[in-house]
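One structure below.
In this text the structure is predicted, and so the values were computed from the model without any measurement.
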Amino acid sequence: MFTLVDTDGYEFLIVSLDNKQWQFEANSSEDRDEWVAAIEQQILNSLQSNEINKVNVGGKFGSSYNRAEDVQNIRTRVPGNGQCADCNSPNPDWASLNLGILMCIECSGIHRNLGSHISKVRSLDLDGWPPSHLKVMMAMGNDLANSVWESNIRPDRTKPNPSSSREEKELWIRSKYETKEFLPAISHTPSLSQQLIDAVYRCDMKALTLILAHASADQVNCVVSHRDLRTPLHLACSAINLPVAQLLLWVSVKFKMVQTSR
């Protein structure tokens, strides 16, 4: 994990999980960005490899590690996933990765129209499921997500049901995730940055969902302190917490964090 130093020489720092630092300098901004992208990919590969290795203890990877079974567990073992998160249609078979929910095919089409910056839509049956995606879906689920995204519904609003029109469902989904009308208020004491760090330490997925829904990019990319340059992503990686790390990546965590002083 690393932080970039804002200088004229295209320098960047690599900050280890124990806060050791190494300073490097690229020849150009393009060269620097190539290094950043390569390191970013290696970090995610390493996290995914750690998760696979947990299953592969004793050489049992292969027949005993059934990805189809894992996907089925998302359907049956995660609270609330027996119904669409947005209209309660039974047996949903589409997912929003970054929201951690399952939904019906009609609602999934509406989610796609929101854009992948809001909802990253995947099919449970047709798409590939790497370990990081599986971990997020198992750690979240419709009940947990809706306890945040539908926490503050006004009396004059009614959630759609399976027979509701597409227009009703779209209005609900856009209100829920795009304009965030149903989110609960959040305290700003302590700061959202500190709340995020605390939630990552606790591996509190509900708190993390709420904070990330409210936080700005700068708050998501905060550091522990002026002397400790680790970000929430560093903390998640140090705990080998793949679902938290993946969520942070999906909300545009910056590997090119800018440090204004040395």
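- Checked against the 6.0 Å centroid threshold, Trp172 and Tyr177 do not count as a close aromatic pair.
- When all heavy atoms of Val220 and Leu248 are compared, the closest pair comes out as CG1-CD2, 4.4 Å.
- Looking at heavy atoms from C-beta onward, Gln219 lies out of side-chain contact with Leu196 at the 4.5 angstrom threshold.
- Take Arg202 and apply the salt bridge (Lys or Arg N to Asp or Glu O under 4.0 Å) test, not counting sequence neighbours, and it matches Asp204.
- Comment: Asp143 does not engage Lys206 in a salt bridge, judged by the lack of any side-chain N to carboxylate O separation of less than 4.0 angstrom.
- In this structure, a donor-acceptor pair under 3.5 Å is absent between the side chains of Ser216 and Asp218.
- Among all heavy-atom pairs drawn from Gly82 and Pro92, the shortest one is O-CD, 3.5 Å.
- Taken from CD1 in Ile186 to NE2 in His214, the straight-line distance is 5.0 Å, to the nearest 0.5 Å.
- For Ala236 against Val244, the heavy-atom pair with the smallest separation is CB-CG1, 3.7 Å.
- Not a single donor-acceptor pair under 3.5 Å links the side chain of Asn73 to the backbone N or O of Met138.
- Put simply, CD1 on Ile118 and OG on Ser116 are 9.5 Å apart, with the number rounded to the nearest 0.5 Å.
- Residues passing the side-chain contact (heavy atoms from CB on, under 4.5 Å) test with Leu171 are Arg157, Ser175, sequence neighbours excluded.
- Taken from SG in Cys84 to CD1 in Ile101, the straight-line distance is 7.0 Å, to the nearest 0.5 Å.
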*asked:* For a side-chain contact (heavy atoms from CB on, under 4.5 Å) check, start with the C-alpha distance between Val223 and Asp228, then their side-chain angles and the critical distance, and finish with the verdict.
replied: CA-CA 7 Å; Val223 294; Asp228 186 344; over 6 Å; no

*When you look at His133 and Trp250, which way does the ring-ring contact (aromatic ring centres under 6.0 Å, His included) test go after all the steps?*
CA-CA 11 Å; His133 296 182; Trp250 280 330; 5.2 Å; yes

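- In this structure, Leu247 and Val251 have side chains that are not in contact, with every pair of non-hydrogen atoms separated by 4.5 Å or more.
- Contacts classified as salt bridge (Lys or Arg N to Asp or Glu O under 4.0 Å) and involving residues 160-169 (residues at least two apart or in different chains) are given here: Glu106-Lys169.
- Asp93 has its side chain out of reach of Leu102: every pair of non-hydrogen atoms, C-beta onward, lies at least 4.5 Å apart.
- The salt bridge (Lys or Arg N to Asp or Glu O under 4.0 Å) analysis of residues 81-91, with sequence neighbours excluded, yields the pairs Asp86-Lys176.
- Proximity of Arg174 to Asn113: side-chain heavy atoms (C-beta onward) are separated by under 4.5 Å at one or more points.
- If you check the side chains of His111 and Ser108, you find no donor sitting under 3.5 Å from an acceptor.
- Annotation: ring-ring contact (aromatic ring centres under 6.0 Å, His included) contacts of Trp94 (sequence neighbours excluded): none.
- Of the inter-residue distances, the one linking Met140 atom CE with Leu97 atom CG reads 11.0 Å to the nearest 0.5 angstrom.
- Across every non-hydrogen atom of Pro232 and Ile197, the tightest pair is CG-CG1, 4.2 Å.
- Formation of a donor-acceptor pair under 3.5 Å by the Asn241 side chain with backbone atoms of Val200 is not found in this model.
- Ile74 contributes atom CD1, which lies 11.0 Å from atom CG of Asn142 (distance to the nearest 0.5 angstrom).
- Put simply, the side chain of Thr209 reaches to within 4.5 Å of the side chain of Trp149, judged on heavy atoms.
- Shown here for Leu210 and Pro184, the closest heavy-atom pair between the two residues is CD1-CG, 3.7 Å.
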*Asp70 vs Arg75, salt bridge (charged side-chain N to carboxylate O under 4.0 Å, His left out): CA-CA, chis, key distance, verdict*: CA-CA 9 Å; Asp70 291 325; Arg75 288 185 167 103; over 6 Å; no

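- Val224 has its side chain within reach of Leu235: a pair of non-hydrogen atoms, C-beta onward, lies under 4.5 Å apart.
- Annotation: side-chain contact (heavy atoms from CB on, under 4.5 Å) contacts of Pro190 (sequence neighbours excluded): Gln194, Gln195.
- A heavy-atom distance below 4.5 Å is found between the side chains of Asn146 and Lys159.
- At least one side-chain heavy atom of Cys87 sits under 4.5 Å from a side-chain heavy atom of Cys104.
- For Ser123 (side chain) and Asp125 (main-chain N/O), a donor-acceptor pair under 3.5 Å exists by modelled atom type.
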